[in-house]
J.: 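Mind having a look at this structure? Questions to follow.
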There are 2 protein chains.
Amino acid sequence: MCHMGTADGRRSQLLRGVLDLCLLAVISEGPAYGYEMTKRLRARGLSIVGEGSIYPLLGRLERDALVETRRAASNGGPPRKYYSLSPEGERALEVGVREWETARDAVDGALGLVKVEVQPCTSS
Amino acid sequence: MCHMGTADGRRSQLLRGVLDLCLLAVISEGPAYGYEMTKRLRARGLSIVGEGSIYPLLGRLERDALVETRRAASNGGPPRKYYSLSPEGERALEVGVREWETARDAVDGALGLVKVEVQPCTSS
DNA sequence: TCCACTACCTTGTGTTGCAAGGCTTTTAGG
DNA sequence: CCTAAAAGCCTTGCAACACAAGGTAGTGGA
């Protein structure tokens with residue numbers, strides 16, 4: 001067996017409770033299969049997301065009926081399992097994004113990071 | 001015994017790995033005792049933070065020598081345990097804030113939330 | 001044949017936020 | 001004096017979950 005335990009420590013905990021949201025967001029932009037999602041997420045800055053993280057998560061999303069699955073053969077390798085959002089999944093994504101924004105702003109406030117009001121630079 | 005378990009569900013998980021940072025940030029603005037920190041955090045939008053969350057966390061911060069403690073009598077009640085940042089704590093706060101910003105931006109990107117570039121409105 | 005890549009999944013472990021409850025000291029009411 | 005409430009502190013037990021590691025299966029090239 002193998003166990004390393006604390007690989008990155010804090011950073012891996014920062015994604016708690018948001019990874020499923022990220023997955024839903026990725027799926028919402030078009031059906032995808034698990035192996036590809038890790039690459040999509042990695043390309044977006046979530047560099048540490050591995051397969052061991054997302055497959056249990058995808059299973060949970062499927063169990064909660066937030067995603068629908070469909071099998072399709074691949075050109076080289078085992079058949080892919082494509083995930084797409086269910087109507088409930090879309091709603092969960094919207095709700096989750098709002099929850100994330102709220103929590104994010106609260107943390108920014110607690111950390112003393114100034115929230116910048118966006119104002120157009122028109123010469124009034 | 002008592003166990004409720006899933007009180008809020010997702011929202012409580014969003015604070016994973018950031019609560020200690022929030023605590024360090026609160027302490028960095030002046031020594032504080034635990035009971036008061038929950039109120040300070042609540043006033044800043046972290047409405048769900050309870051004592052059961054922060055006391056084990058404060059213990060961990062103390063064990064890791066990120067904070068220093070000092071006892072002081074209170075006007076009514078048991079003596080307060082004031083926490084203040086150690087030099088290591090200040091450094092950990094800086095590093096942690098940067099990690100949070102990175103993770104936050106990555107999540108924003110993965111969720112498709114547009115990042116606004118801040119530009120000063122000076123008449124150049 | 002052997003290796004590498006694609007693609008899926010499971011098991012085990014450590015961290016940690018939280019509910020619930022208990023302890024101590026002081027002040028207020030009766 | 002006795003009780004109750006509040007201010008403070010702390011511990012126990014649990015469930016959630018991200019991750020490392022490893023396992024399986026199919027295809028194609030050296």
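Predicted, not measured: the structure shown is a model, and the values here were computed from it. In the text below, chain A, chain B and the rest are named by the order of the sequence lines, each starting its count at 1.
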J.: Ignoring the backbone of B:Glu51, work out which of D:dC9, C:dG17, D:dC19 is nearest its side chain.
T.: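 Within the option list, the nearest is D:dC9.
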J.: How long is the line joining CZ of A:Arg80 and C1' of D:dA25, in whole Å?
T.: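 That distance rounds to 15 Å.
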J.: Could you check B:Leu57, B:Leu15, B:Leu93, B:Ile54 and say which one makes a side-chain contact (heavy atoms from CB on, under 4.5 Å) with B:Asp20?
T.: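 That would be B:Leu57; it is the only one of B:Leu57, B:Leu15, B:Leu93, B:Ile54 passing the side-chain contact (heavy atoms from CB on, under 4.5 Å) with B:Asp20.
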J.: Is it true that a side-chain atom of B:Arg44 and a backbone atom of A:Gly109 form a donor plus acceptor pair closer than 3.5 Å?
T.: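 Yes, because the side chain of B:Arg44 sits within donor-acceptor range (under 3.5 Å) of the backbone of A:Gly109.
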J.: When you compare the side chains of A:Glu62 and A:Thr69, does any donor N or O come within less than 3.5 Å of an acceptor on the partner?
T.: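 A:Glu62 vs A:Thr69: donor-acceptor pair found between side chains.
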J.: Between B:Leu41 (CG) and C:dG17 (P), how many Å, whole number?
T.: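 Rounding to the nearest Å, CG of B:Leu41 and P of C:dG17 are 12 Å apart.
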J.: Mind checking A:Ile54 for me? I need base, sugar-phosphate or nothing, with any heavy atom below 4.0 Å counting as a touch.
T.: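 No contact.
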J.: Within the 4.0 Å heavy-atom criterion, would you say A:Gly17 contacts the bases, only the backbone, or no part of the nucleic acid?
T.: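 Sugar-phosphate contact only.
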J.: Can you tell me the distance, in whole Å, between the CG atom of A:Leu58 and the P atom of C:dT10?
T.: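 After rounding, the reported distance stands at 12 Å.
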J.: With nearest nucleotides of DNA chain D determined for A:Gly76 and A:Leu15 from heavy-atom distances, which residue corresponds to the more 5′ nucleotide?
T.: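 The 5'-side residue here is A:Leu15.
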J.: Ignoring hydrogens, what is the shortest heavy-atom contact between A:Tyr33 and A:Tyr83? Give both atom names and the distance.
T.: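 Closest heavy-atom pair between A:Tyr33 and A:Tyr83: CA-CD1, 4.4 Å.
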J.: Measure from NZ on A:Lys39 to P on C:dA7 and round the result to the nearest Å.
T.: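 So the two atoms are 6 Å apart, to the nearest Å.
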J.: Within the structure, does a side-chain N or O atom of B:Ser53 lie under 4.0 Å from either OP1 or OP2 of C:dG17?
T.: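 Indeed not, no polar side-chain atom of B:Ser53 lies that close.
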J.: Just N and O in the side chain of A:Arg60: are any of them under 4.0 Å from OP1 or OP2 of D:dC17?
T.: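 Answer yes for this pair, as a side-chain N or O of A:Arg60 is under 4.0 Å from OP1 or OP2.
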J.: Tell me whether the side-chain N/O atoms of B:Tyr33 come closer than 4.0 Å to OP1 or OP2 in D:dG8.
T.: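 Yes.
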J.: Would you classify A:Gly50 as touching base, sugar-phosphate or nothing, given that sugar-phosphate means primed atoms plus P, OP1 and OP2, and contacts are heavy atoms under 4.0 Å?
T.: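 Touches nothing.
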J.: Check every atom of C:dA7, D:dT11, D:dC9 against the side chain of B:Arg71 and return the nucleotide holding the closest atom.
T.: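 Shortest atom-to-atom distance from the side chain points to D:dC9.
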J.: Closest to the B:Gln13 side chain: C:dC9, D:dC17, C:dT24?
T.: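 Among C:dC9, D:dC17, C:dT24, the one nearest the side chain of B:Gln13 is D:dC17.
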J.: Between C:dT15 and B:Arg16, counting only base atoms on the nucleotide and side-chain atoms on the residue, is there a donor-acceptor pair under 3.5 Å?
T.: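 Yes, the side chain and the base share a sub-3.5 Å donor-acceptor pair.
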J.: With a 4.0 Å cutoff (strictly under), does any side-chain N or O of B:Tyr35 reach OP1 or OP2 of D:dA7?
T.: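 So the side-chain polar atoms of B:Tyr35 do come within 4.0 Å of the phosphate oxygens OP1 or OP2 of D:dA7, strictly under.
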J.: Please determine if a side-chain N or O atom of B:Tyr55 lies less than 4.0 Å away from the OP1 or OP2 oxygen of D:dC9.
T.: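 Indeed, a polar side-chain atom of B:Tyr55 lies that close.
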